[in-house]
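Inspection log for the structure reproduced underneath, given as structure tokens.
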Amino acid sequence: MGEFAESIERITLELLSNLIQGNAILRVPRNSAANMISEYRRVSYNNHGSRHSFCLLIYMLSRVHRLQVHGGSFTVRGLYYDNPLLIRSQSRIAEARLDVCRMLNTSPLSLGILAASKGLVAGDLRLLMTNGDVLDSSLYGGPMTLPTDPEKIDRIETQAEFILIVEKESVFQGLLSRNVFGTFERRFILITGKGYPDCCTRRIVHRLTVENQLAAYILVDADPFGVEIMLVYRHGSQSMSFSSQGLTTPALRWIGLHPSEIPALGTGAVALVAGDNKKINDLLARNDLEPGVRQELRMLQDVQLKAEIESVIDFLTDDYIPNKINRNLFL
């Protein structure tokens, strides 16, 4: 029996005890960091506003318990199509998935609750799967979608020297079209999570840095959302701060775009909007920011400008990326 089955059974017994008293209530931690749970959210069947959420939690707990007892995995998309009348939308079942992870204080990957992988990879990378399959990105001559379940990767083989993560698929494709692999004399792996990365992409980056001991670099927009994406790879998602083990890369090297470089871009920068400034303040309120990152966020506030990677796309392969990596110009 899986390690979380007993926890689900304890939750069920607590629910039955509440039912005897006439209260159909589930308690969901609002969030926890370092295993410190400060408060709970009560999800009740008796409350019309939370009744659907209650039913989805029961449904998700039962499916997870079955996985823990019998093994296997399922996807959020597959769950939705199994019972669309109950679930109503994929976003609702995704919320229930996160709530169950909070209740069990673990990640979706640990429970076998998978979302379709959106990460892309190119370069010197071979994934040896537990079923004997070999996924070799070098054979495709272009991007390869990362597998949905990274725990089914038995071993990762590569002769690369480092990983380069780029924020957006458009930049990923742009680098490939500009023959980025032919520009470097060193082998590397190119990865994108297409914006905010999913657990699978973050897990594979983590495994590459730990198991294959590769240095990891990241290139994001010089705006608060780009900085936040970098921090998700480095420290984990704030919405999943209760369980980031095996999903973070603390030694991730941020090579750009740095806000301090914006004044040199000239016409490549645009003004910040209200949402940008709110996001900057939210990030500055975090207690896990490195001094250099905090300084760059202050620079964004000072110049009130932002810039996208595309503003320097013509210089990335021949100048910007090699210069930043070879001269260790990262934060």
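What you are looking at is a predicted structure, and each value in this text was computed from that prediction instead of being measured. Position 1 is the first residue of the sequence, and the numbers go up from there. Hydrogens, waters and symmetry mates play no part in the numbers below; they use all other heavy atoms, side chains included.
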Subject >> Inter-residue atom distance Leu114.CG - Asp149.CG, 0.5 Å rounding >> reply: 4.5 Å

Original post:
What distance do Leu61 atom CG and Leu56 atom CG have between them, rounded to the nearest 0.5 Å?
Top reply: 11.0 Å

Original post:
Crowded around Arg51 CZ? As in, over 12 foreign heavy atoms under 6.0 Å?
Top reply: yes

**OP:** May I ask you to decide if Val28's main-chain N or O and Asp99's side chain share a donor-acceptor pair within less than 3.5 Å?
**Re:** no

**OP:** For His206 and Thr248, indicate whether the former's side chain and the latter's backbone hold a donor-acceptor pair under 3.5 Å.
**Re:** yes

Subject >> Smallest separation among heavy atoms of Ala122 and Ser137, with atom names >> reply: C-OG, 4.1 Å

Subject >> Test log, rule salt bridge (charged side-chain N to carboxylate O under 4.0 Å, His left out), inputs Lys152 and Asp154 >> reply: CA-CA 6 Å; Lys152 290 184 178 177; Asp154 181 54; over 6 Å; no

**OP:** Identify the heavy atoms of Arg202 and Ser237 that sit nearest to each other, and give their distance.
**Re:** NH2-N, 3.6 Å

**OP:** Measure across Arg126 and Gln159 and return the closest heavy-atom pair with its distance rounded to 0.1 Å.
**Re:** NH2-N, 4.2 Å

**OP:** Measure the CD-CG distance between Gln213 and Leu208 for me, rounded to the nearest 0.5 Å.
**Re:** 12.0 Å

Original post:
Should Phe184 and Leu329 be regarded as members of a common hydrophobic cluster, given that ILVMFWY residues are connected when their side-chain heavy atoms come within less than 4.5 Å of each other, either directly or indirectly?
Top reply: no

Subject >> Salt-bridge present (Asp276, Lys279; N to O < 4.0 Å) >> reply: no

**OP:** Could you pull out the closest heavy-atom pair between Tyr59 and Ile87, with the gap in Å?
**Re:** CE2-CD1, 3.7 Å

Subject >> All side chain to side chain donor-acceptor pair (under 3.5 Å) counterparts of Tyr80, not counting sequence neighbours >> reply: none

Original post:
Heavy-atom count around Glu310 CD within 6.0 Å, excluding the residue itself: above 12?
Top reply: yes

**OP:** Without swapping roles, check the side chain of Arg203 against the backbone of Gly246 for a donor-acceptor pair under 3.5 Å.
**Re:** yes

**OP:** Walk me through it: do Asp282 and Lys278 pass the test salt bridge (charged side-chain N to carboxylate O under 4.0 Å, His left out)?
**Re:** CA-CA 6 Å; Asp282 290 344; Lys278 180 182 184 306; 3.0 Å; yes

Subject >> CG on Leu284 to CG on Asn287, rounded to 0.5 Å >> reply: 12.5 Å

**OP:** Flag yes if Val210 and Leu252 sit in one hydrophobic cluster, no otherwise; membership is Ile, Leu, Val, Met, Phe, Trp, Tyr, and two members link when side-chain heavy atoms are under 4.5 Å apart.
**Re:** no

Original post:
Considering only heavy atoms from C-beta outward, does the side chain of Met103 approach that of Met60 to under 4.5 Å?
Top reply: no

Original post:
Which atom pair, heavy atoms only, marks the closest approach of Asp198 to Gly119?
Top reply: OD2-N, 4.1 Å

**OP:** Would you indicate whether Phe315, at its atom CZ, is surrounded by more than 12 heavy atoms from other residues, nucleotides or ligands within a distance under 6.0 Å?
**Re:** no

Subject >> Straight-line distance of Lys324 NZ to Leu316 CG, nearest 0.5 Å >> reply: 10.0 Å

Original post:
With hydrophobic residues grouped by side-chain heavy-atom distances under 4.5 Å, do Leu146 and Val134 end up in a single group?
Top reply: no

Subject >> Check: Leu13 main-chain N/O paired with Ser17 side-chain donor or acceptor under 3.5 Å >> reply: no

Original post:
When you measure from the side chain of Asn46 to the backbone N and O of Gly22, does any donor-acceptor pair fall under 3.5 Å?
Top reply: yes

**OP:** Compare all side-chain heavy atoms of Val121 with those of Leu127 and state whether any distance is below 4.5 angstrom.
**Re:** no

Subject >> Single-linkage hydrophobic cluster, 4.5 Å side-chain cutoff, Leu265 and Val270 together >> reply: no

Give every donor-acceptor pair under 3.5 Å between a side-chain atom in residues 216-226 and any protein atom, sequence neighbours left out.
{"residue": "Tyr217", "atom": "OH", "partner": "Arg253", "partner atom": "NH1", "Å": "2.8"}
{"residue": "Asp221", "atom": "OD1", "partner": "Lys168", "partner atom": "NZ", "Å": "3.2"}
{"residue": "Asp221", "atom": "OD1", "partner": "Ile309", "partner atom": "N", "Å": "2.8"}
{"residue": "Asp221", "atom": "OD2", "partner": "Lys168", "partner atom": "NZ", "Å": "2.9"}
{"residue": "Asp223", "atom": "OD1", "partner": "Phe225", "partner atom": "N", "Å": "3.2"}
{"residue": "Asp223", "atom": "OD1", "partner": "Gly226", "partner atom": "N", "Å": "2.6"}

**OP:** Kindly give the heavy-atom pair with the smallest separation between Thr249 and Val205, and that separation in Å.
**Re:** OG1-CG1, 3.4 Å

Subject >> Within one Ile-Leu-Val-Met-Phe-Trp-Tyr cluster: Leu57 and Ile25, side-chain cutoff 4.5 Å >> reply: no

Original post:
With no hydrogens and no angle check, is any side-chain donor or acceptor of Lys118 less than 3.5 Å from a backbone partner on Tyr196?
Top reply: yes

Original post:
Below 4.5 Å, heavy atoms only, C-beta onward: do Arg298 and Ile280 meet side chain to side chain?
Top reply: no

Original post:
What distance do Ile189 atom CD1 and Leu164 atom CG have between them, rounded to the nearest 0.5 Å?
Top reply: 10.5 Å

**OP:** Mark yes or no for whether Asn281, through its side chain, and Asn277, through its backbone, hold a donor-acceptor pair below 3.5 Å.
**Re:** yes

Original post:
Is there a donor-acceptor pair closer than 3.5 Å between any side-chain N or O of Asn326 and the backbone N or O of Pro322?
Top reply: yes

Original post:
Sub-3.5 Å donor-acceptor pair from the side chain of Asn212 to the main-chain atoms of Leu214, do we have one?
Top reply: no

Original post:
Considering residues, nucleotides and ligands other than Arg178, do more than 12 of their heavy atoms fall under 6.0 Å from its CZ?
Top reply: yes

Subject >> Residue list, side-chain contact (heavy atoms from CB on, under 4.5 Å) with Glu169, at least two apart or on another chain >> reply: Leu120, Gln173, Lys194

Subject >> Short side-chain to backbone donor-acceptor contact, Ser50 and Ser44, under 3.5 Å >> reply: yes

Subject >> pair Phe74-Ile113: side-chain heavy atoms closer than 4.5 Å >> reply: yes

